[in-house]
Structures are given as structure tokens and as C-alpha cells.
Amino acid sequence: MQARTNPFWPALCGAICAFTFAPDPLPDWALAWVQIVTLAVLAHWSFTRTARQAALTGLIFGIVLFVVGLYWLTISMHVYGQMALPLAWLALLLFCLYLALYPALACWATAWLLKNNDKTNPFSLIWLATVWASAWTAAELLRGTMFTGFPWLSTAYGQTDSWLAGWSVMIGAPGTTWITAWIAGAVAATLSAEAKQKDSSFTPKRGMALALAIILAFAGATLQQTSFTEPAGEPLTARLIQGNIDQGIKFDGDRFEQTHQHHINLARHQADTISKAPKPELILLPETVIPRLSHQVPIQHWQDWIDLAENEQTELMLGAALYGPEPARYTNSVIAIDVTANPASLAQGVAPSRYDKQHLVPFGEFVPTGFRWFIDLMRIPLGDFTAGDPQQTPFSVKSQLIAPNICYEDIFGHELLPAVRQGATILANFSNLGWFGDSSALRQHWQMARFRSMETRRPTLRATNTGMTGAIDPAGRTIAVLPSMAAGYVDVQVQGHHGLTPYTRWGNYPVWVLTWGILGVAIIRRYRRPAPILK
């Protein structure tokens, strides 16, 4: 007879796991360890429960994980979208219930596939961990793909500061998720098997799964020292602007002129004459720093930006909502402005360089079919955008090629790879997380940006409205970062890199093949293995 699990314990594990995706309240060194422990407990329940019980356990774990980890979505719906607070919490709960179906599916599949497997044989323990890791990773891959995808709080990001993050250069975030889940499964399977052994003496053979887990961890540490890329061109000096405009007034027409001048002043600040720091060759400003459609912006404002580029002898990259040049085409974009730009052309969406956001946010930037009623419950400006082309040319600045991405596009690591394959030497993220206040969303997003640098071995520049604005080196280490919820700028010097890492070459395909191949073998074994004889 299978033991039943008190719902309190998976709920507690889910709540604890939710804190492992960014520092505070947990310190950065503890995130990886705590995450592996919570996943090991969940794997143990999947090994020792019926498929139905395991699915319920995974569902409870997932609901609490996502509610605690994504609580900040209610800020955008209630505070800035002006949705009634009870409705905002109900919307969050329903969304998290949907997201929790994926860990529930992983736990169900693990329990179902391993129903008749020996769970004490040393080699079986390795198989248990392998099936668990594949089911968990496959579920996360599906979560990041289905219905436009939502891979926020993917397991790999809890390992950003651990040795396991070294695997990112080979197999990216999905592969790092597999390695993490495998280690958690190996711990769970070994401890469960030890508890069942009549002989209490521990033998090396029983520790085979744990030994492999240690080898995987050390291999990750070794891979952290491997680059696969080389410096490209001359270092670039960049100024990263953080305007800290409250979302409640960002789109206020009466504040438009004031907001414009505020960002001009931040960008115009001269370099410190005492330190004699070089003037920035590039200035980055956040997503929708111009909070109107381009043709609604006064021509003089466009001229102000051009004059700034000329006076500072620099190039600007800034976020703007563009209308045109095609009729009735609205895009959330990043444009380059230099001395060759023309204000009338900018008003029509024609810039020296332009990037259009390709992965739009459901509800915020486009309305999914059948959900217009939900949008009507809120007041969110600048919606119904047109998606950009997946293949867009990086911006050329001095000797560097910069690949822009906007807002949460950088949580889809595989979607950044085409630009890197085209020769991009630096990644640049333009975000406005002002929708989520001073919440963990800012820190969670920073961790994911660091992971993108580790996967591609490219530095990342980030300009955000409220945080976190800063620069990340090709190894994923922080070069400089501004305090959140404060206006300011930071000048950094970054060295672009060229060359392709294995992950940049192959993307997520090897992990898709690995996970589904293993699950396919597990299904065959499930039907071929005879049921145990009951005595």
C-alpha cells in the first residue's frame, strides 16, 4: 500500500523552491543547494507514490511555487492595470494552476514509467534519476513552448551561481535543468534505496548514482573555464540609462515633456573629469523610453535625440513604439539614432538601424483569441503590436555588432541565437519592469540575463526603466549594476566576443532529442517489464 503525502509538505517545498531563482531572502550561494534539496524531495515522492498521487503532489508543489514566485504579476494587473485586487489574485491563481500542470505532468510520468522498476539495484537508481530528469526537463520545455511559452522560473536559473551553470555553454538552460534534476533524482533514489536495505552498511556500489552526480558537478566547474569564443574588435564604452519613471505616470500626457527632458539630461551627463573616464561611444535607454507611437511624437523631440548624438559624439539605442513605415503596423522596437538620422523619417519608423520585438507578451502586447474581455478589465496602453521578423540584423557600433532584445525576450534563450550566429558580439536587453514595482521580478530577470551571457559567451548590456540596469561579462559575472528604483546611469566598458559555443550552434535540439528519446525508451520498458508477483 502506497503512503499518502500530507499536502502541507509539497506546498512548503514549492514555497521554498520559489525563493531559489534570485538572491534575497536567500543568499546567492544557497540558491542552488536549496533548489536541489526541494527537487530531491519531490523526486522521492514521485518514486514512492502512485502516478495519481505523484501528479497531485506535483500540482500542489507547482501551484505554490508559481504563486510565490510570480506574485508580482498582481502588481501589474491591480496597481497599474486597475483591475480589482480580488480579480487580480484570481487571475494569478488560475495562471499558476495552468503552469502547475507541467510539474504535475512530470511527477505523474515519472511514477507511471517507473511503476514496476526495481528501486534498490544500483544501476536502477541511475535509471530512476534519468527518467525523472527527462520527465522534468520535457515538462519545462513544453511550458516554455506551449501557448507562446512562459519559461520564467525554469530550474536552470536557480543554478546561475553554482558549478552546474558551467553546463550552459554546452547544452543551455534546458540542459542545465536536466543535469540539476538528475542530481536531485540521484540523491532521492539513493536515500530511498538505503532506507529499504536490510543491511545498513553502505557500499561503493550503492553510491554509484551519487558518484555520477559529483562527476557531473565537477564537469560543470571545468566547463565554466571554457570559452569557445575570443575577443572581437576594440572594447566599447557604453552608458546605460535608468530613468525610474513610475509606471503610473509613464504614459501620462501631461508628464510627456518632463519625462523626455529627464532622459535627455541623464544621457547628457558628462564623464567624470577627475577620473578622466572616456566619453561613451554608445548610450542605451530603456524599452518604450518614448511612451508614444512614433508619429505622435513632436518632431522637435526626435531632433533633440539627434542633437544629443551629435553633441556627445555618440550613438543612441533606445526603445520606442513605432508606427510604420508600413500602414497600420505597430511595433515595440529598438532604434539607433546617430547624426545621420532624420527626424521626419524617425517619426515614420525609419531609423539607421531598427529591431522589432518578435516574441510579444500575451495580454500586454497582443490579445490572445477569446481574451478580449480580460483585457477590457484593465487599462494597459500600447497593445496589439505586430511581431518582428525572427531574423533581424544586429546593430553595428564601432567594431562591435550588437543584438538587441526587448523585455522578456531574453528568457527565451534559443531565440537569441540567430543574431549570435549572424555575428553579434554583444547582447543588449531593453526592458521596462516598472509594471512589477520593487519586486523579485527584477532580480529574477537579472539572473536569466546572466545565463544568456553564459550560454553564448557574450557580454550583455541592460537598460531598464526601474532595474536592474547594468552589464554582464561573457562568463555571466556582473560588471556593474545600478540600484533598483533609482534614476541614474552607469558607464561601462565591455569587450565583444565572436565564435560559437556548442549551445549557440545547436540550441535546444539536443536536449529535446535526449529527453524524448529517454522517455520513449522508458515507455517501451514500461510495457515490456512484467508486473511484480504478489505473494
Got a donor-acceptor contact below 3.5 angstrom from the [X] side chain to the [Y] backbone?
X      : Y      : result
Lys250 : Thr288 : yes
His359 : Thr148 : yes
Gln261 : Gln258 : no
Arg143 : Phe150 : yes
Gln400 : Leu236 : no
Thr425 : Leu401 : yes
Asp389 : Gln392 : no

Does any non-hydrogen side-chain atom of [Y] lie less than 4.5 Å from one of [X]?
X      : Y      : answer
Phe256 : Ile249 : no
Glu257 : Thr259 : no
Ile337 : Leu318 : yes
Arg458 : Ser453 : no
Asp473 : Val494 : no
Met485 : Asn244 : yes
Met317 : Ile402 : yes

For a quick test of reading the model, state the closest non-hydrogen atom pair linking [X] to [Y] and the distance between them.
X      : Y      : answer
Ala173 : Arg452 : CB-NH2, 3.7 Å
Gly14  : Val64  : C-CG1, 4.2 Å
Leu141 : Thr145 : O-OG1, 2.8 Å
Gly499 : Thr229 : O-CG2, 3.4 Å
Leu308 : Ala267 : CD2-CB, 3.5 Å
Tyr71  : Leu92  : CA-CD2, 4.0 Å

Starting from the C-alpha separation in whole Å, work towards a yes-or-no answer on side-chain contact (heavy atoms from CB on, under 4.5 Å) for Leu85 and Met77. CA-CA 8 Å; Leu85 184 58; Met77 291 185 285; over 6 Å; no
Pairs flagged by salt bridge (Lys or Arg N to Asp or Glu O under 4.0 Å) wherever residues 428-446 is involved - sequence neighbours left out: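 Counting only pairs at least two positions apart or across chains, no salt bridge (Lys or Arg N to Asp or Glu O under 4.0 Å) contact touches residues 428-446.
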Any donor-acceptor N or O pair under 3.5 Å, side chains [X], [Y]:
X      : Y      : value
Gln35  : Gln159 : yes
Ser168 : Thr176 : no
Trp72  : Gln444 : yes
Thr177 : Thr137 : no
His445 : Arg462 : yes
Gln348 : His295 : no
Glu455 : Thr504 : no
Asn508 : Tyr503 : yes

Distance under 6.0 Å and angle within 45° of ring axis: Arg239 vs Tyr489: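 Yes; both conditions hold, so Arg239 lies above the ring face of Tyr489.
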Could you grab the distance from atom [atom1] of [X] to atom [atom2] of [Y], nearest 0.5 Å is fine?
X      : Y      : atom1 : atom2 : answer
Ile426 : Thr456 : CD1   : OG1   : 11.0 Å
Ile406 : Leu360 : CD1   : CG    : 9.0 Å
Asp24  : Leu31  : CG    : CG    : 10.0 Å
Leu93  : Thr74  : CG    : OG1   : 12.0 Å
Lys357 : Phe430 : NZ    : CZ    : 13.0 Å
Phe19  : Leu65  : CZ    : CG    : 10.5 Å

With Glu287 as reference, evaluate Asn429, Asn332, Asn432 under the side-chain hydrogen bond (donor to acceptor under 3.5 Å, both in side chains) test and give the passing residue.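 Testing Glu287 for a side-chain hydrogen bond (donor to acceptor under 3.5 Å, both in side chains) against Asn429, Asn332, Asn432 leaves exactly one candidate, Asn332.
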Start with the C-alpha gap between Gln242 and Thr466, add the side-chain angles, then the distance that decides, and say whether side chain to side chain donor-acceptor pair (under 3.5 Å) holds. CA-CA 6 Å; Gln242 182 170 291; Thr466 56; over 6 Å; no
List the steps, then state whether side-chain contact (heavy atoms from CB on, under 4.5 Å) holds for Phe66 with Leu97. CA-CA 8 Å; Phe66 291 116; Leu97 178 61; over 6 Å; no
Between Ile306 and Asp304, does the side-chain contact (heavy atoms from CB on, under 4.5 Å) criterion hold? Intermediate values first, please. CA-CA 5 Å; Ile306 297 171; Asp304 289 343; over 6 Å; no
Salt bridge check: are Arg354 and Asp356 linked by an N-O gap of less than 4.0 Å?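 Judged by the 4.0 Å cut-off on N to carboxylate O distance, Arg354 and Asp356 do form a salt bridge.
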For [X], look at atom [atom1] and say whether over 12 heavy atoms of other residues, nucleotides or ligands are found less than 6.0 Å away.
X      : atom1 : value
Arg505 : CZ    : no
Gln296 : CD    : yes
Glu234 : CD    : no
Trp512 : CH2   : yes

Take His260 and Val289, measure what side-chain contact (heavy atoms from CB on, under 4.5 Å) needs, and give me the verdict at the end. CA-CA 8 Å; His260 169 71; Val289 70; over 6 Å; no
Residue of the set Trp167, Phe412, Tyr157 for which ring-ring contact (aromatic ring centres under 6.0 Å, His included) holds with Phe451: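 For Phe451, the ring-ring contact (aromatic ring centres under 6.0 Å, His included) test succeeds with only one of Trp167, Phe412, Tyr157, which is Tyr157.
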Per the side chain to side chain contact (heavy atoms under 4.5 Å, CB included) rule, which among Leu99, Leu70, Leu73 passes with Trp152?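 Filter result, single survivor: Leu70.
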Pick one: which of Val397, Thr237, Asp338, Ile283 meets side chain to side chain contact (heavy atoms under 4.5 Å, CB included) with Thr314?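 Answer after filtering Val397, Thr237, Asp338, Ile283: Ile283.
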Report the C-alpha distance between Thr386 and Thr331 in whole Å, list the side-chain angles of each, state the deciding distance to 0.1 Å, and finish with yes or no for side chain to side chain donor-acceptor pair (under 3.5 Å). CA-CA 5 Å; Thr386 301; Thr331 58; over 6 Å; no
Check the pair Glu230 / His497 against side chain to side chain donor-acceptor pair (under 3.5 Å), numbers first and verdict last. CA-CA 5 Å; Glu230 296 177 347; His497 276 235; over 6 Å; no
Apply the salt bridge (Lys or Arg N to Asp or Glu O under 4.0 Å) test between Arg450 and each candidate in Asp161, Asp28, Asp410; give the one that qualifies.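 That would be Asp161; it is the only one of Asp161, Asp28, Asp410 passing the salt bridge (Lys or Arg N to Asp or Glu O under 4.0 Å) with Arg450.
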